[in-house]
Amino acid sequence: MRSLLPGSLPTPSAGWDVRSRSPPSAEAEAGTGLLPVLVSVSGVEQDEVLGQPSVTQAGPPAELAPQLVGLSEPRPAPTPPRNTSVPGSVGLRRTVCRTVRHLAPVCHLKTAAGNLECEVNSVWFLMTDILTLVFRTLSSQTGQNKDPSAGPPSPAPRSSTLLVGEHRLSRSVLLLAAVTAASELGVRVAFFAQTQIQSLPECLQRCSATQNPEGLKRITFSYPRTLEELLQQVAGLHESPCPPSLIIIDRLDGFLRGAVAGSHVGFHSGDESRAAHLAALLCDTAAFLTEVLEKRGSSSAPCRAIASFLSDADSGQESRDASATDPVLAVLDRYFQARCTLDQDRSYEAAAAAAQEAWHVYLSGTKIPDDCEDGPALAQEWKLFIFPEGLMEFKLV
Amino acid sequence: MKSGSARSKKLCGKMRTFLPAVAEQLFGDIQKNYEETTQIPDDLLIALKFVFGTCALQALDLVDQRSVTCLSSPSGRKAFQVTGGSGRLYTCFLSCHYCPCPAFTYTVLRRNQGLLCKHILAVYLCQAMAVTQQESVSDQQMSAVLSGTEGP
């Protein structure tokens, strides 16, 4: 686990952004496990940006209902409660995904086995090795080898990753990570979100992974309403007889900034303390569950954590100094070993590629004790193109 | 003492990845000396003060008062609880640095001026000296402690 010491911790103000780093070397080691990533997202809702009306359905589209039922564990009641405080008791309830509806509904994805033709939305659920796998499989059909094992090897696995970037992509990415981990890697996933997931991204709906209910049943969705509920549910994961190998928290910022000062019993009020408590609990839980899985001889070890975060700098708060470091983000950086930064390219590159949008995807992280002494710190850069028809392509820079 | 040493190393091993090498070496030296002499020599106390500043003496006071307890539950989950000077309980984790005390929030998180607070330092010292209290709790109690929602 990465040191928390100020001297060894690259703070955001000290150039943590991987954009300042050189491109990754070909000697970067390949990872084999799951690497969680914290996804941080710009605060402007997609609908607001694109002027699309929010789409809400009372129930799942008929074509999805069987799949959704298969996704749930346990099988959901007809009118399930919106939220639950019991870990692992909520499945996918409704099917409308307003945050990604207009976004690239289709992307081509092939698994390492080469037998999954799936159209996937943006993929940055950074578990860095899963991320790298997905990026590779979504690489350009024309310019690069389709073999997912081609290209630079994955970086060494890290237990927790933080993703900072465009919010409208984060949930779909996290869902893709969850589905991939559950279906393709066969690991249990605990997915926490403050707002209900009402549908899978369209690309996932066509994915053969989602047509495998047994695999998808490994995902447990929970909807804590408050930071306190989230802390209780994460803290309670050690009680589960079947612990998850992947813990995903969508939009940490929503939980942290919705907490009322003083309502957190026994802890110092303030964003930094709350963020540190949640991040430390997440990392400590992942470390404990890793031990449990390893003792059981499970191939699902280690346990990873991914969280998405929306920083103030990306939320469009004009009153905030653009150069100021988000104090909460600085605290989170202490506990997450890797970061993936999403940065929209507003140049003409998208147009030049006949794409609707172009994004920079930066993977970065400090060296961990298990890293090779001479190996480089994690640093990868990808380019993401989103095409009008929904096709998405990743290119390793 | 050997079993205590082994336990100490295991429980502190993950936390120690957050320490600079000099601090990790210091705790190792304290552990070794205490195992042999049941004392911390003056040179190590001076080094402790030099590395950790004013919270070193405060942490040693907590150690003298046997203020650090390792909670464990049937699931195997563990956490440290430190009784502060005011009698308040502070929960610290095994694998990373966190303390709910104001000093940790202000000095470590906000100002980035310290490595840790006196409570976390007391945990390290108690583990090195094998003087951590042990207490068993239920899994539900452990969850409440970890989430910070346990009762007063």
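Sequence lines set the chain letters: A, B, ... in the order given, protein chains first and strands last, and positions in each chain run from 1.
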**OP:** Rounded to the nearest 0.5 Å, what's the gap from OG1 on A/Thr285 to CZ on B/Phe93? Could you check?
**Re:** 7.0 Å
Original post:
What pair of heavy atoms forms the shortest contact from B/Ser147 to A/His277, and how long is it?
Top reply: O-CE1, 3.2 Å
Subject >> Pairs of heavy atoms under 4.5 Å with chain B: top-ranked of A/Ala276, A/Ala279, A/Ala275 >> reply: A/Ala276
Original post:
Looking only at heavy atoms, what is the nearest atom pair of B/Asp139 and A/Glu239, with distance?
Top reply: O-OE2, 3.6 Å
Original post:
Does B/His97 use its side chain to pair, donor to acceptor, with the backbone of A/Ala280 at less than 3.5 Å?
Top reply: no
Original post:
How many angstroms lie between atom CG of A/Asp284 and atom SG of B/Cys96, to the nearest 0.5 angstrom?
Top reply: 5.5 Å
**OP:** Mind checking the OH-OG spacing from B/Tyr98 to A/Ser273? Nearest 0.5 Å is all I need.
**Re:** 3.5 Å
**OP:** For B/Gln39, look at atom CD and say whether over 12 heavy atoms of other residues, nucleotides or ligands are found less than 6.0 Å away.
**Re:** no
Original post:
Which heavy atom of A/Glu272 sits nearest a heavy atom of B/Leu109, and at what distance?
Top reply: O-CD1, 3.7 Å
**OP:** Provide the closest heavy-atom pair for A/Leu281 versus B/Arg77 in the form atom of the first, atom of the second, distance.
**Re:** CD1-NH2, 3.9 Å
**OP:** Give the minimum heavy-atom separation between B/Thr149 and A/Gln232, together with the two atoms involved.
**Re:** CG2-NE2, 3.6 Å
